Student: 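Supplied in structure tokens, the structure appears directly below.
Order of the sequence lines fixes the chain letters, A, B, ..., with proteins taken first and strands second; residue numbering starts at 1 for each chain. What you are looking at is a predicted structure, and each value in this text was computed from that prediction instead of being measured.
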Number of protein chains: 2
Amino acid sequence: MSKQLTASPFRSREERSREREEKREAVLLAAVRLFNARGYHAASLDDVAASLGISKPTIYHYLGNKEQVLVECVNRGLAMLRAAADDAMRAQGSGFDRLRAFLCRYAKINMDDFGRCVIRTSDEVLSMDSATRFRARKREIDAAVRDLIAQGIADGSIAPVDVRFASFALAGALNWPARWHDPDGPLAPEEIAERLVDVVMGGLTPRA
Amino acid sequence: MSKQLTASPFRSREERSREREEKREAVLLAAVRLFNARGYHAASLDDVAASLGISKPTIYHYLGNKEQVLVECVNRGLAMLRAAADDAMRAQGSGFDRLRAFLCRYAKINMDDFGRCVIRTSDEVLSMDSATRFRARKREIDAAVRDLIAQGIADGSIAPVDVRFASFALAGALNWPARWHDPDGPLAPEEIAERLVDVVMGGLTPRA
DNA sequence: TAATCAATATACTGATGAGTATATAAAAGA
DNA sequence: TCTTTTATATACTCATCAGTATATTGATTA
């Protein structure tokens with residue numbers, strides 16, 4: 001397979017489809033940033049287009065409609081969370097350690113553009129169909145958190161807390177930065193994640 | 001002063017101004033419920049009016065404009081939080097006990113119509129002026145939480161945690177029900193509040 | 001009783017914004 | 001070279017919704 005040596009204005013089929021994919025991603029990134037900054041309803045696709053120096057029909061060329069733009073953004077975030085959950089379930093070590101590692105990643109994702117969008121999107125803005133899928137995928141993540149807590153309790157690394165309410169509390173504490181964290185502020189996502197997880201894991205540590 | 005003995009269609013001045021106040025409150029309650037259910041932008045004042053069987057100009061007769069409706073709703077919630085914070089600061093007992101009592105009340109307020117509105121309203125939807133005031137009042141509540149934690153650490157009833165991050169975690173854990181709690185669901189606000197506070201206070205208990 | 005005020009409605013204006021019809025130009029394929 | 005496809009734009013339509021102009025009715029006050 002010969003790779004092209006000089007930059008040419010004539011692209012191969014793969015190059016073209018990769019370019020298309022890149023443009024799609026650029027649209028999604030611009031959109032999610034505006035959605036996060038102003039809220040889904042207050043952010044218009046005209047604004048999204050303007051922020052990329054393109055026109056609205058171009059967005060429709062790459063994505064079906066406004067809701068689908070949101071759905072794709074949310075899917076990006078959910079995929080990251082899902083991957084983190086899968087890794088945690090496959091990891092070895094005590095339940096406590098695996099939960100801890102997972103929560104750090106979870107908290108950081110919630111400060112990422114697409115992760116924030118997952119948290120900030122409430123299902124009323126979605127069509128009934130999308131909302132159902134959205135809830136189901138979030139429930140999977142929540143199930144992983146509960147599994148990890150239960151496993152930790154079983155192996156003695158986590159105090160025998162109420163699993164359901166512990167997962168509510170953990171989720172709340174680690175979702176909340178999606179609403180207040182300022183990416184341009186002095187606190188780095190890593191630091192917030194670590195410190196928050198330190199505090200919340202304190203409550204799960206078995207008493208001596 | 002003679003009180004009226006028979007129901008009359010002729011109201012006294014106080015009765016009239018009380019009625020006016022009642023109507024204002026009814027508008028706010030209907031509005032906050034729709035704002036919470038659909039989001040501020042998606043809930044129109046026409047819908048709010050329809051839910052009360054009145055017309056939109058009537059809302060404008062009692063309240064200036066849509067933003068002011070929201071601001072009044074948020075103020076109702078903030079007033080409840082403020083009262084809870086004041087009581088906590090005046091209460092006696094260890095820092096731990098006072099914080100615990102305050103947090104229970106805080107969590108319950110966050111499941112009340114107006115309390116939910118405080119949590120669900122992000123300042124981008126407000127005018128710059130209102131947003132500034134809103135942030136300031138929320139900061140007061142947060143300061144009370146930090147004070148209580150610090151006092152608990154000082155009197156030894158709370159473990160020497162990072163005050164700032166502990167308050168972030170507590171707020172997140174107890175704000176989150178404002179986004180998922182279903183008033184018609186099986187879990188009563190009281191129970192959610194108690195159990196959540198149990199879990200989160202575990203992390204603040206000094207180790208033996 | 002005349003003048004005013006309070007409470008309410010109907011019917012409008014004007015802006016915004018989602019989504020579309022249509023044109024164009026360039027590239028790809030036949 | 002002719003045709004089709006892809007990427008993009010301009011300029012619309014149509015719906016929604018905040019906010020207003022104006023009318024009406026009944027009670028209050030002078």
Student: Who passes salt bridge (Lys or Arg N to Asp or Glu O under 4.0 Å) against Glu21(A), sequence neighbours left out?
Tutor: Arg24(A)
Student: The helix from dT1(C)-dA30(D) to dA30(C)-dT1(D): angle between its terminal axes, five pairs each, to 10°?
Tutor: 10°
Student: Please determine, for the side chain of His61(B), which listed nucleotide (dA7(D), dA9(D), dT8(C)) has the closest atom?
Tutor: dT8(C)
Student: List the residues meeting salt bridge (Lys or Arg N to Asp or Glu O under 4.0 Å) with Glu194(B), not counting sequence neighbours, and say none if there are none.
Tutor: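 Residues passing salt bridge (Lys or Arg N to Asp or Glu O under 4.0 Å) with Glu194(B): none at all.
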Student: Arg98(A) side chain to Leu148(A) main-chain N or O, any donor-acceptor pair under 3.5 Å?
Tutor: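 Looks like no, no N/O pair under 3.5 Å.
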Student: Would you indicate, yes or no, if dA7(C) has its OP1 or OP2 atom less than 4.0 angstrom from a side-chain nitrogen or oxygen of Arg20(B)?
Tutor: yes
Student: Round to a whole Å and report the spacing from CD1 of Ile59(B) to C1' of dA9(C).
Tutor: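 Answer to the nearest Å: 13 Å.
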Student: Restricting to side chain to side chain contact (heavy atoms under 4.5 Å, CB included), what partner residues turn up for Met201(A), sequence neighbours left out?
Tutor: Phe96(A), Leu99(A), Arg100(A), Leu103(A), Val197(A), Leu204(A)
Student: Tell me, for nucleotides 15-26 of chain C in 5' to 3' order, what letter each nucleotide earns: B for a base near a protein heavy atom under 4.0 Å, S for only sugar-phosphate near one, - for neither?
Tutor: --SBBB------
Student: Taking Lys108(B) first and then Asp112(B), would you say they form a salt bridge - that is, a charged N and a carboxylate O separated by under 4.0 Å?
Tutor: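 Asp112(B) and Lys108(B): not salt-bridged.
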Student: Give me each pair satisfying ring pair (Phe, Tyr, Trp, His ring centres under 6.0 Å) with a member in residues 40-70 of chain B, each pair once, sequence neighbours excluded.
Tutor: Phe35(B)-Tyr40(B)
Student: Can you name the residues that form a salt bridge (Lys or Arg N to Asp or Glu O under 4.0 Å) with Arg90(A), not counting sequence neighbours?
Tutor: Asp87(A)
Student: Any side-chain N or O of Thr58(B) less than 4.0 Å from the OP1 or OP2 oxygen of dA9(C)?
Tutor: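 The answer is yes; a side-chain N or O of Thr58(B) sits under 4.0 Å from OP1 or OP2.
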Student: Please list, chain by chain and in numerical order, all residues satisfying side chain to side chain contact (heavy atoms under 4.5 Å, CB included) with Met111(B), sequence neighbours excluded.
Tutor: Pro177(B), His181(B), Pro189(B), Ile192(B), Ala193(B)
Student: Can you check the Gln68(B) CD to dA18(D) P distance for me, whole Å?
Tutor: 15 Å
Student: With Asn175(A), which residues qualify under side chain to side chain contact (heavy atoms under 4.5 Å, CB included), at least two apart?
Tutor: Tyr106(A), Asn110(A), Ile119(A), Ala171(A), Trp176(B)
Student: For DNA chain C, which residues in residues 25-36 of chain A have a heavy atom at a distance below 4.0 Å?
Tutor: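 Nucleic-acid contacts, sorted: none.
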Student: If you only use heavy atoms from C-beta on, which nucleotide in dA7(D), dT8(C), dA9(D) is closest to the side chain of Tyr62(A)?
Tutor: dA7(D)
Student: Name all residues meeting the side chain to side chain contact (heavy atoms under 4.5 Å, CB included) criterion together with Arg133(B); count only those two or more places apart in sequence or in a different chain, and write none if there are none.
Tutor: Asp129(B), Ser130(B)
Student: Mind checking side chain to side chain donor-acceptor pair (under 3.5 Å) for Gln92(A) and listing every partner two or more places apart, or none if nothing turns up?
Tutor: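 Gln92(A) satisfies side chain to side chain donor-acceptor pair (under 3.5 Å) with no other residue.
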